[in-house]
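Worksheet: one structure, shown below.
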Amino acid sequence: MRQQPDSNKYLDAVVVIFVCAAFVFISPFLLVWSYPTAPWYLPYLIWALVILFAWLVNRLRHRHEL
Amino acid sequence: MSFDLGHLFFAAVIYLLVLFLIAYATEQGWISQRIARHPLTYALSLGVYATTWSFYGSVGFAQVQGFNFLSIYLGVTLAFLLVPLLLAPILKIVRNYQLTSLADLLAFRYRSQTAGVLVTLFMLAGTFPYIALQILAVTESISILTQEAPPQLLALGFCVILVLFAILFGARHITPREKHEGLVVAIAFESVIKLLALCAVGLFAMFGIFGGVGGLNDWIDVHPEALEALYRPVREGPWATLMLLSFCAAFLLPRQFHMTFTENIDERTIYTASWAFPLFLLLMNLFIPVILWAGMAVGADTNPDFYVLGITLVGEMRLLTLFAFIGGVSAASAMMIVTTLALANMCLNHLLLPARYPAPGSNIYELLLWGRRTLICVIILAGYGFYLVLERNQGLVQLGLISFVAVAQFLPGIIGLLYWSRATRAGFIAGLLGGGMIWSAALMFPLLQRSEILHYPIDLLSLQAPPGVDPWTFATFCSLGINIFLFFAVSLLTRPSAEEREAADACRLSPFAIPTGTLLTASSPAQFKEQLSRILGSEAADFEVSQALNDLDMSFEEKDPSELRRLRERIERNLSGLMGPMLARMIVDDRLQMDSGARSALADNIRFIEERLEDSQTRLEGVAAELDNLRRYHQQILSDLPLGVCALGPDGRVVTWNQAMTRISGVKRRHAWGITIDRLPRPWSDIFRQCLDSDEPHLHKVEARLDGRSRSFNLHKAAIEYPADAEQSGGVVILVEDRTTLQSLESELAHSERLASIGRLASGVAHEIGNPVTGIACLAQNLETETGDEEARITSRQIMEQTRRISEIVQSLVGFSHGGVINAHTRPVMVGACVDEAVRLVSLSRGGKRVRIFNHCGKDLCIRGDGTQLVQVFVNLLTNACDASEPGAKVDVLSAKDGDFAVVDIVDHGHGIPDKIIDQIFDPFVTTKPPGRGTGLGLSVVYRIVQDHGGHISIENETAAGTRVKLRFPTIVHPDADKRDQAASGG
């Protein structure tokens with residue numbers, strides 16, 4: 001029998017990244033990083049981290065494709 | 001510092017020309033396809049999201065709303081994180097069904113022209129403020145740089161130039177279905193220019209005004225309220241609302257939909273965009289706070305929306321200011337061109353064509369192209385008109401957000417498209433109307449009122465946010481809330497039609513949406529052309545049918561109903577790309593009618609499902625994947641069975657035809673599949689018909705002639721129970737067993753048994769007769785020697801002659817019964833020498849003297865055996881040949897090597913062997929000679945001897961006259977062959 005390509009890990013990773021990003025940016029958690037004396041570049045750093053994880057997840061997709 | 005108006009206008013035109021050249025160069029192939037199709041080029045082309053709102057307005061937005069300005073881009077980031085779950089499925093649907101806009105997509109899903117019209121009108125209403133925003137930004141930027149109010153004609157001139165470029169970019173070709181690689185590359189280039197310009201201004205702010213990172217930090221330390229002003233609105237303002245709006249806008253804005261889906265060339269590039277596009281947006285916005293603070297620090301005398309220009313003017317950076325201006329023009333022009341192309345598609349497919357379809361005789365492609373060009377012109381000029389009447393002090397951001405709230409109304413429809421097949425067109429339309437009304441009341445009417453476009457009683461129609469509630473949050477959640485409520489409630493109260501269910505399955509990419517129905521009005525591609533030409537015109541019909549045949553790699557002579565159904569589906573998709581899904585559907589439903597109630601053949605459904613399962617195998621998971629694996633395993637078992645399997649469905653068509661069946665019958669699976677047995681080639685149609693008509697479940701030894709040979713089969717049939725319904729017949733399965741080889745072996749065995757029994761009989765008879773014959777011979781000999789009577793002596797001699805004859809017959813019988821047992825001391829024997837000996841012996845007989853015998857045997861053929869018996873073989877065969885030949889005729893003995901075998905042919909030109917006995921010629925006592933002239937055992941003896949030597953003998957009549965006896969023996973290399981070779985070569 002043929003083996004199915006494992007796309008589940010990729011989709012799981014996508015959902016996890018999305019939920020984490022939504023948690024950071026939308027939930028009350030944003031009160032944690034949006035304090036008045038935070039460095040002005042902090043939101044950009046968090047944003048860059050999210051983009052980095054998105055890039056890593058995209059690499060996971062490539063590994064599982066033929 | 002100020003600039004000349006003419007110079008700025010000239011710079012803008014030159015820039016747009018450069019853009020056009022880039023697009024043209026791409027389409028001509030001067031720019032490599034690797035660049036045009038690169039995933040990063042695609043990701044950059046999505047940068048059309050960043051309009052003058054981003055380029056200029058973000059700074060003003062940051063000044064008022066702090067970091068809330070980032071939410072406009074973070075929402076996009078969240079949307080693109082969901083590429084595999086949200087955007088990729090939409091892309092697949094758009095590509096599969098050749099949909100060119102959001103209106104096409106929603107009209108396709110909800111099978112409603114009304115839905116398409118509403119979406120188009122709503123999109124137009126929501127986009128005019130956005131177009132006006134771009135014109136406003138460009139004219140304001142010119143006003144700032146020239147330090148004078150720009151003439152009204154300037155904005156008009158800018159719009160006219162954009163009309164020209166929009167037509168050149170996206171409406172130049174006759175076939176509007178083509179993707180515009182040039183447009184993608186041009187927009188990507190614009191994104192790069194915007195990014196570089198904004199980053200250049202940001203770096204100037206950082207290093208030119210603050211003197212570096214340290215200077216910036218020092219300024220912040222001195223002005224902590226600046227940092228607080230950035231963060232406070234995040235905690236108190238409409239952060240979540242803006243995130244939601246930008247999430248929707250990321251793929252629902254007309255320009256975003258167009259670049260993300262319609263102009264997508266390679267599906268895989270969207271996955272790269274999941275991180276590359278957010279990265280672009282991050283870089284675009286990285287310096288916004290710095291530019292804001294720089295503007296505050298230097299006291300730039302522009303509106304904060306235009307600090308990008310203000311700080312460069314203060315810094316007297318002429319080139320940088322010009323670059324920033326070009327960046328603004330870039331942002332505005334990209335947005336207007338792409339948005340206009342997208343809206344033109346929608347208006348053409350959902351407003352213009354449904355209202356006035358071209359007459360059949362006209363060239364539809366030309367009309368569509370000119371229709372699109374006209375719409376481009378109308379839309380841009382309408383945007384200009386909106387700009388003229390708009391209140392001037394509207395912030396750039398306000399106009400943009402109005403559009404965002406408008407496109408957010410399509411989100412429930414998209415959710416229904418992807419995830420909720422129960423959604424109905426009534427629910428979608430109700431939700432859209434409800435949300436649209438709230439949007440109009442909360443945002444659009446107040447805007448028109450402030451611009452004094454509309455007066456009393458507009459107050460009654462406006463919806464104001466309660467005190468303390470952010471107006472954007474209020475407008476968004478009221479409109480979207482009503483929309484979602486009506487969407488779900490009305491969908492649940494109404495039932496989806498069959499069309500809607502089919503569309504829902506198609507959008508969910510369900511592999512099990514089996515097409516049903518049979519074609520009524522056309523049963524060949526030629527008839528397709530004839531039917532379609534009545535609406536499209538003959539030229540367009542010819543092109544569309546040919547294009548579809550080419551896409552499916554189908555022949556023009558195709559007649560198979562299931563293939564024609566695929567062709568119909570393909571034509572509909574291609575027409576959808578040309579004129580929208582609803583019109584395409586109407587045309588195809590009208591001209592290529594289907595009887596949807598007719599049940600399609602089980603064979604077609606099975607093939608359809610199997611093809612879809614093959615396509616979707618990578619997407620099946622869990623139980624579905626396991627079931628599919630099990631299905632394949634069972635299919636493989638059937639396929640590999642050594643018996644031929646032919647299963648017929650309830651409609652009598654072939655649904656299973658395994659590999660063994662192909663081997664037995666010579667009919668390939670794809671030729672047998674889906675046809676009735678009467679259409680199978682003969683004799684299979686007759687064989688299966690005989691099996692089906694018989695009451696017996698098993699038919700044995702069914703004879704048929706195939707490829708000139710007689711074949712024999714056993715057939716076994718059984719009824720199939722339909723799994724879903726026990727009372728319904730599931731068809732018949734027939735197993736075919738090829739027993740030809742078995743039958744041949746049985747004949748051989750029977751023949752050998754017959755020979756063996758005759759041999760035993762002969763042995764017994766010979767033994768019994770021998771003694772009395774010997775006695776008679778002795779008595780006759782005594783009589784001859786003892787009597788003086790001459791007559792008695794003659795009689796006794798005749799008696800002895802006859803007893804000798806009996807003895808010969810007895811010896812033949814004994815020889816036959818002993819089976820020509822090879823002498824225990826077999827040795828290498830030269831065939832040529834045996835033939836020579838036989839020729840010499842035969843030549844001594846009366847028959848042999850009359851005929852000329854020629855031995856052409858090779859001298860090097862050697863076999864292992866009994867030389868004496870081999871000589872006997874040749875003697876018997878040559879004797880028969882001589883007996884059959886006329887006096888003076890010739891008999892040839894030929895030999896050849898066939899691999900490891902020696903072949904010896906004895907050919908005579910006599911009277912041949914009658915056909916009726918040639919098959920039994922090796923049986924004992926079968927002879928063509930008159931009684932008394934032969935025992936009929938000669939060939940039987942020869943047969944036995946040849947078999948015992950591991951050989952084979954066959955006899956056939958020659959075409960002209962005579963007989964050929966073919967002997968075949970396994971050869972060996974003579975042990976002395978090396979010595980003979982050496983002697984011959986003298987070595």
Side-chain angles (χ1 to χ4, degrees), chain A, chain B residues 66-67 70-71 73-75 77-86 216-217 220 224-235 239-240 243-244 247 268 271-283 285-286 289-290 293 617-622 625-626 628-630 632-633 636:
Chain A
M1 293 187 205
R2 277 190 271 170
Q3 296 297 322
Q4 299 263 11
D6 191 4
S7 61
N8 287 341
K9 278 189 187 171
Y10 169 63
L11 291 177
D12 289 346
V14 164
V15 172
V16 165
I17 296 294
F18 175 80
V19 168
C20 289
F23 179 70
V24 167
F25 288 126
I26 300 178
S27 76
F29 185 75
L30 73 89
L31 296 173
V32 171
W33 58 263
S34 62
Y35 55 94
T37 52
W40 67 272
Y41 49 80
L42 183 59
Y44 294 99
L45 265 182
I46 300 172
W47 191 2
L49 265 176
V50 171
I51 292 171
L52 177 66
F53 283 126
W55 176 74
L56 286 171
V57 165
N58 192 49
R59 285 181 56 119
L60 191 66
R61 184 186 72 89
H62 277 301
R63 262 212 299 281
H64 286 294
E65 273 189 343
L66 290 174
Chain B
F67 267 136
L70 277 184
S71 60
Y73 310 100
L74 289 171
T77 302
L78 288 181
F80 271 76
L81 284 179
L82 292 179
V83 156
L85 296 171
L86 180 64
L216 175 64
N217 288 336
I220 293 172
E225 69 281 5
L227 207 53
E228 197 198 337
L230 275 186
Y231 281 110
R232 187 176 7 89
V234 173
R235 305 158 85 89
W239 171 269
M243 289 277 282
L244 174 63
F247 179 96
R268 294 169 297 180
Y271 293 93
T272 303
S274 67
W275 59 268
F277 180 41
L279 180 61
F280 167 81
L281 294 176
L282 184 153
L283 293 172
N285 291 279
L286 185 60
V290 180
W293 293 329
Q617 209 221 355
T618 56
R619 290 187 277 112
L620 293 177
E621 294 168 359
E626 292 300 321
D628 187 50
N629 284 338
L630 204 56
R632 289 172 190 279
Y633 181 62
Q636 199 62 38

Query raised in the report: If you tally heavy-atom pairs under 4.5 Å against chain B, which of A/P43, A/A54, A/A21 wins?
Result: A/P43
**Report entry** Which of A/F18, A/W47, A/W40 touches chain B most, by non-hydrogen pairs under 4.5 Å
**Finding:** A/W47
Would you give the length of the straight line joining atom [atom1] of [X] to atom [atom2] of [Y], rounded to the nearest 0.5 angstrom?
{"X": "A/L11", "Y": "B/L82", "atom1": "CG", "atom2": "CG", "result": "11.0 Å"}
{"X": "A/C20", "Y": "A/L49", "atom1": "SG", "atom2": "CG", "result": "11.5 Å"}
{"X": "A/T37", "Y": "B/I220", "atom1": "OG1", "atom2": "CD1", "result": "12.0 Å"}
{"X": "B/N629", "Y": "B/E626", "atom1": "CG", "atom2": "CD", "result": "5.5 Å"}

Report summary line: Most heavy-atom pairs under 4.5 Å with chain A, out of B/L230, B/L286, B/T77, belong to B/L286
Report summary line: Residue from B/V234, B/N217, B/L78, B/L85 scoring the most non-hydrogen pairs under 4.5 Å with chain A is B/L78
Tell me, side chain or backbone of [X] under 4.5 Å from chain A's heavy atoms, or both, or neither?
{"X": "B/L244", "answer": "neither"}
{"X": "B/F247", "answer": "side chain"}
{"X": "B/L70", "answer": "side chain"}
{"X": "B/F80", "answer": "neither"}
{"X": "B/V290", "answer": "side chain"}
{"X": "B/P224", "answer": "neither"}

Query raised in the report: Hey, are the side chains of A/V50 and A/F53 touching, using non-hydrogen atoms and a 4.5 Å cut-off?
Result: no
Query raised in the report: Heavy atoms, side chains only, cut-off 4.5 Å: are B/Y271 and A/V57 in contact?
Result: no
Quick one: what part of [X] sits under 4.5 Å from any heavy atom of chain B, side chain, backbone, both or neither?
{"X": "A/Y35", "result": "both"}
{"X": "A/L52", "result": "neither"}
{"X": "A/I17", "result": "both"}

Report task. Look at the rings of A/F25 and B/W239 and say which category their plane angle falls in: under 30° parallel, 30 to 60° tilted, over 60° perpendicular. Result -> tilted
**Report entry** Any residue meeting ring pair (Phe, Tyr, Trp, His ring centres under 6.0 Å) with B/F280, in chain and number order, not counting sequence neighbours
**Finding:** none
Requested in this report: For the pair B/Y231 (side chain) and A/W33 (backbone), establish whether a donor and an acceptor sit closer than 3.5 Å, ignoring hydrogens and angles.
Outcome: no
